Amino acid sequence: MKRRRLIKLASAVTVMTLGGVGYAAHRRSSNPYYRGPVSDHFDGTRFFSPNQPQDKDLAELARWQLGGGREDWPARWPSPHPPDTPPERVAGLRVVHIGHASLLIQVAGRNILIDPVYAKRASPVGFAGPKRAQPPGIAFEALPPIDAVLVTHNHYDHLDGPTLARLWAEHQPRFVAPLGNDAIIRSYDDTVTVETRDWGGSVDLGDGLTVHLTPAYHWSARGVNDRRMALWSAFVLTTPHGTLYHVGDTGYGDGAIFTQVREQFGKVRLATLPIGAYEPRWFMQAQHMNPEEAVRAAGEVAAEQVLGHHWGTFRLTNEGIERPIEALAAALDAADLPPERFLALRPGQVWEPRHPPNG
């Protein structure tokens, strides 16, 4: 009985930290992760996305959780692609989906991991919370030498502390993350060096690669009283093989964050955009795009190629496991775009360009 209560409590905490509830945020008046000047997206304690809805309350959470409409998922949904064994280095560009929002990008001889999650659950505890339905598309032991790790934000389906600590111990990569996330990552290994930046900041990774942090319409939390106390971001990676744009989580909002990327960086060669965890829309719209909105965002950044992630691995919201690919197919058809222009990746799936980037 005691274990059952603990599982229910842990599941509730997971829902709150992944599902958009900030009911306890106002109890904490100090920020444990970051201290810095007030800005147009930081009030001195919490970060926020200007002109975007911020917090849901417990009544809205209850309405979602008790409202029905939650489709079943299979316990296991293995990828049709075998686990990938990446080459040690790639002179051009190669992208592999590990699962959910985890990607390996090999470009210009450098190996970059984004939001690497190898945990069996996207949860603050190991015995409850969303469980992995597909094994990782690259075994941890099969990873090539990792030069850099980019972390978009601190939700458990994006920031897996034990995995980051293991990467540091075995690869000593450079870590890049938005403001405040260094304190969280270092809580798993206080020897880790993390380079944090605000929106608009950048880090030179060498060999012609620079990562730029850009806004996303999202939020952050590791518990029930630290909501929006660490920043979240998208990444633009400028490389000798074109501009890459990665979004971990975001709502579409007014679309301004996407048009700003196009205005600042020009056409995007490859965009990796989230297409899952979007139902019910009344609850999720401010923080997660659906496939139709992802297609619209791809158009805003003039992406030559788009890869969809953030679906099919962890059950976070109401839609069924295959709904994102069905909705994506319908959105591409409505936009008169060929299916190969926007691929919904499965773990182990590899994408490589067939031609040099457009000028």
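Because the structure is a prediction, the values reported are computed rather than measured.
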(message) One pair to check against salt bridge (charged side-chain N to carboxylate O under 4.0 Å, His left out): E292 and R281. What are the steps and the verdict?
(response) CA-CA 12 Å; E292 179 183 359; R281 294 309 291 149; over 6 Å; no

(message) Under 6.0 Å from the ring centre and within 45 degrees of the ring axis: does the NZ or CZ of R186 meet both conditions for the six-membered ring of W168?
(response) no

(request) Examine F42 together with Y34 and report whether their ring centres are nearer than 6.0 Å. (result) yes

(request) Evaluate the side-chain proximity of P130 to D157: yes if any heavy-atom separation is below 4.5 Å, no if none is. (result) no

(message) Main chain of A91, side chain of H241: is a donor-acceptor contact present, judged purely on distance under 3.5 Å?
(response) yes

(request) State, with a plain yes or no, whether a side-chain heavy atom of H212 is found less than 4.5 Å away from one of T210. (result) yes

(message) Could you check whether atom CG of N51 has more than 12 heavy atoms from other residues, nucleotides or ligands sitting under 6.0 Å from it?
(response) no

(message) Does this structure show an ion pair linking R166 with D160, if we count only N-O contacts that are shorter than 4.0 Å?
(response) no

(request) Say whether, by atom type as modelled, one donor and one acceptor occur between the side chain of S220 and the main chain of A230 under 3.5 angstrom. (result) yes

(request) Give a yes or no on whether a salt bridge exists between R323 and E326, defined as a side-chain N under 4.0 angstrom from a carboxylate O. (result) yes

(message) Minimum heavy-atom separation for Y245 and I257, please, with both atom names.
(response) OH-O, 4.4 Å

(message) Please determine whether residues V203 and F235 belong to a single hydrophobic cluster, defined as Ile, Leu, Val, Met, Phe, Trp and Tyr linked transitively by side-chain heavy-atom distances below 4.5 Å.
(response) yes

(message) What's the separation between atom CZ in R228 and atom CG in D43, rounded to the nearest 0.5 Å?
(response) 7.0 Å

(message) For a 4.5 angstrom cut-off between non-hydrogen side-chain atoms, does R296 reach F258?
(response) no

(message) Could you tell me if R121 sits above the aromatic ring of F314, with its cationic atom closer than 6.0 Å to the ring centre and no more than 45 degrees from the axis?
(response) no

(request) Compare all side-chain heavy atoms of L143 with those of I138 and state whether any distance is below 4.5 angstrom. (result) yes

(request) Drop me the distance from Y188's OH to L164's CG, to the nearest 0.5 angstrom. (result) 8.5 Å

(message) With a 4.0 Å cut-off on N to O distance, would you call K267 and E304 a salt bridge?
(response) no

(request) Compute whether any side-chain donor of one residue and acceptor of the other, for D249 and H153, lie under 3.5 angstrom apart. (result) yes

(request) Please name the residue in the list E88, H171, Q106 that meets the side chain to side chain donor-acceptor pair (under 3.5 Å) test with N111. (result) Q106

(request) Mark yes or no for whether Q287, through its side chain, and T250, through its backbone, hold a donor-acceptor pair below 3.5 Å. (result) no

(message) Is there a side-chain contact between R89 and D147 in this structure, where contact means two heavy atoms from C-beta onward sitting under 4.5 Å apart?
(response) yes

(request) Say whether, by atom type as modelled, one donor and one acceptor occur between the side chain of Q305 and the main chain of E340 under 3.5 angstrom. (result) yes

(request) Answer whether the closest heavy-atom distance between the side chains of R269 and P353 falls below 4.5 Å. (result) yes

(message) If you define the side chain from C-beta out and look only at heavy atoms, does anything of V194 sit under 4.5 Å from N181?
(response) no

(request) To the nearest 0.5 Å, tell me how far I98 CD1 sits from L103 CG. (result) 7.0 Å

(request) Compute whether any side-chain donor of one residue and acceptor of the other, for D115 and H100, lie under 3.5 angstrom apart. (result) no

(message) For the CG atom of L237 and the CD1 atom of I114, what is their distance to the nearest 0.5 Å?
(response) 7.5 Å

(message) Quick one: does any side-chain atom of W73 pair with a main-chain N or O of G312 as donor and acceptor, under 3.5 Å?
(response) no

(request) Taking all non-hydrogen atoms of both residues into account, name the closest pair between Y33 and G180 and its distance. (result) CB-O, 3.4 Å

(message) Quick check: do H41 and L231 have side-chain heavy atoms less than 4.5 Å from each other?
(response) yes

(request) Please check if any side-chain donor atom of W219 sits under 3.5 Å from a side-chain acceptor atom of D55, or the reverse. (result) no

(message) To check you understand the geometry: which heavy-atom pair defines the closest contact between P280 and N318, and what is its length?
(response) CD-ND2, 3.6 Å

(message) Test your reading of the model: is there a side-chain donor-acceptor pair from H288 to the backbone of A277, 3.5 Å cut-off?
(response) yes

(request) Mind checking the CH2-NE2 spacing from W232 to H155? Nearest 0.5 Å is all I need. (result) 9.0 Å

(message) Using modelled atom types and a 3.5 Å cut-off, is there a donor and acceptor pairing between side-chain atoms of E293 and backbone atoms of N290?
(response) yes

(request) Say whether, by atom type as modelled, one donor and one acceptor occur between the side chain of R315 and the main chain of G320 under 3.5 angstrom. (result) no

(message) So does P135 get a backbone contact from the side chain of S79, meaning a donor-acceptor N/O pair under 3.5 Å?
(response) no

(request) Would you please indicate if the ring centroids of H97 and H81 are separated by under 6.0 Å? (result) no

(request) Identify the heavy atoms of L113 and P116 that sit nearest to each other, and give their distance. (result) CD1-CB, 4.1 Å

(message) Test of understanding: clusters of I, L, V, M, F, W, Y form through side-chain heavy atoms closer than 4.5 Å, transitively. Do V95 and V268 belong to the same one?
(response) no

(request) Check for a donor-acceptor pair, side chain of R341 on one end and backbone N or O of A303 on the other, with a separation under 3.5 Å. (result) yes

(message) Testing the basics here: between A142 and P86, what is the closest heavy-atom pair and its distance to 0.1 Å?
(response) O-CD, 3.5 Å

(message) Measuring from atom CZ of R110 to atom CZ of R174, what distance do you get when rounded to the nearest 0.5 angstrom?
(response) 7.5 Å

